[in-house]
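Beneath this line is the structure, given in structure tokens, with notes to follow.
Every number for a ligand or one of its atoms is a count from 1 in the order of the listing.
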Amino acid sequence: MHFDIFTLFPAMFAGPLDDSIVMRARAAGLVSLALHNIRDYAEGKHAITDDYPYGGGGGMVMKPEPIFRAVESVLGLAPRAAGEPEAAPAGQPIPIILLTPQGRCFDQSVALELADHARIALICGRYEGVDERVRRYLCTDEISIGDFVLSGGELAAMVIVDAVTRLLPGALGAEQGAADDSHATGLLEYPHYTRPPDFHGWRVPEILLSGHHANVLRWRRQQALLRTALRRPDMLETAWLTKDDLAFLESMEREQDLAQRLQADL
Ligand code: SAH
């Protein structure tokens with residue numbers, strides 16, 4: 001899988017994507033990234049990439065020409081002709097994604113959808129944002145990483161690269177799996193413990209020390225259900241639940257002490 005990232009601040013990407021899972025996936029050839037400095041595609045001595053907003057108001061707006069030129073040249077697209085009405089160069093399979101707080105919200109299902117593509121382009125905005133014509137006539141998708149406003153799309157792009165990369169087959173070590181992760185199953189994940197079994201008198205739940213695999217599996221499932229019911233009840237509406245799951249949740253509701261029960265088990 002290949003990411004083309006278009007940004008005015010390529011140096012920001014050094015670090016977060018050079019370690020751990022993403023770096024290992026890069027080293028193994030599962031994923032590759034190319035950082036494209038939008039400024040390199042700006043014309044004139046000063047390579048200007050932003051300008052004042054029409055209509056006034058504060059802040060600057062990223063100009064369309066350098067972004068179109070950068071994306072068209074890197075992706076090998078024919079330059080959009082004047083007057084072409086349609087967004088999204090037709091038949092072109094590479095998603096061209098604008099990072100914007102106005103886009104559809106990024107979540108695990110969007111990450112899975114993106115992980116199916118061989119190549120993705122991410123455009124990072126700055127300042128007040130990008131000229132609207134980039135959104136309308138160049139991009140094929142718009143993604144927000146949450147209902148807050150960042151100073152630029154770079155951190156959002158890194159979030160997407162990280163979340164998508166760990167879904168690629170082989171990206172996580174053999175021991176680890178993405179299958180149980182929070183959100184992958186439609187539930188929050190069960191709690192984790194490691195050694196020592198007793199820390200400051202806080203003991204690991206006995207069931208995890210029992211070596212009884214089936215009981216451990218049941219405990220983990222129930223903990224995942226409890227946590228989700230307590231913290232993110234909205235997720236239970238769409239999670240895929242078995243009859244046993246539903247019976248367990250009903251029995252918990254009857255006990256009316258979900259929170260206490262969860263605390264006691266942690
Ligand atoms: N004035 C714009 C926000 C500009 S923030 C508005 O109100 O919609 C500057 C840039 O940061 C944006 O162009 C976008 O690329 C990025 N950005 C900010 N918040 C983001 C978010 N929640 N998700 C993805 N990108 C975001």
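Closest protein heavy atom to atom 23 (N) of ligand 1: Ile145 N, 3.0 Å. Among protein heavy atoms, the minimum distance from atom 5 (S) of ligand 1 is reached at Leu150 O, 3.3 Å.
Considering backbone and side-chain N/O of Val130, none are found under 3.5 Å from N/O of ligand 1. Checked against a 3.5 angstrom limit, the closest N/O atoms of Tyr127 and ligand 1 fall outside it. Between Cys124 and ligand 1, not a single N/O pair is under 3.5 Å apart. Checked against a 3.5 angstrom limit, the closest N/O atoms of Phe148 and ligand 1 fall inside it. For ligand 1, the polar-atom distance check finds an N/O of Gly125 within less than 3.5 Å of one of the ligand's N/O atoms.
Set against the non-hydrogen atoms of Ala156, the atoms of ligand 1 under 4.0 Å away are 24 (C), 25 (N). Of all the atoms in ligand 1, the ones that sit under 4.0 Å from a non-hydrogen atom of Gln102 are 6 (C), 8 (O). Listed by atom number, the atoms of ligand 1 under 4.0 Å from Gly153 heavy atoms are 11 (O), 15 (O), 16 (C). Taking every heavy atom of Gly129 and a limit of under 4.0 angstrom, the matching atoms of ligand 1 come to 13 (O).
In Thr100, the part holding a heavy atom less than 4.0 Å from any atom of ligand 1 is the backbone.
Glu142 and Thr100 are not linked by any side-chain donor-acceptor pair at a separation below 3.5 angstrom, with hydrogens and angles left out of the test. In summary, the side chains of Asp107 and Ser109 do present a donor paired with an acceptor at a separation below 3.5 Å, with no hydrogens or angles considered. Side chain to side chain, Asp4 and His36 meet the donor-acceptor criterion of an N or O pair below 3.5 Å.
At least one test fails for Arg80 against the ring of Phe68: distance under 6.0 Å to the centre or angle within 45° of the axis.
Residue contacts with ligand 1: Ser151 is included, with a non-hydrogen atom under 4.0 Å away.
Phe148 CZ: more than 12 foreign heavy atoms inside a 6.0 Å radius. Heavy atoms from other residues, nucleotides or ligands lying under 6.0 Å from CZ of Arg69 number more than 12.
Between the Thr165 side chain and the Asp162 main chain, no donor and acceptor come within less than 3.5 Å of each other.
A salt bridge links Asp181 with Arg166; the closest basic N to acidic carboxylate O contact falls under 4.0 Å.
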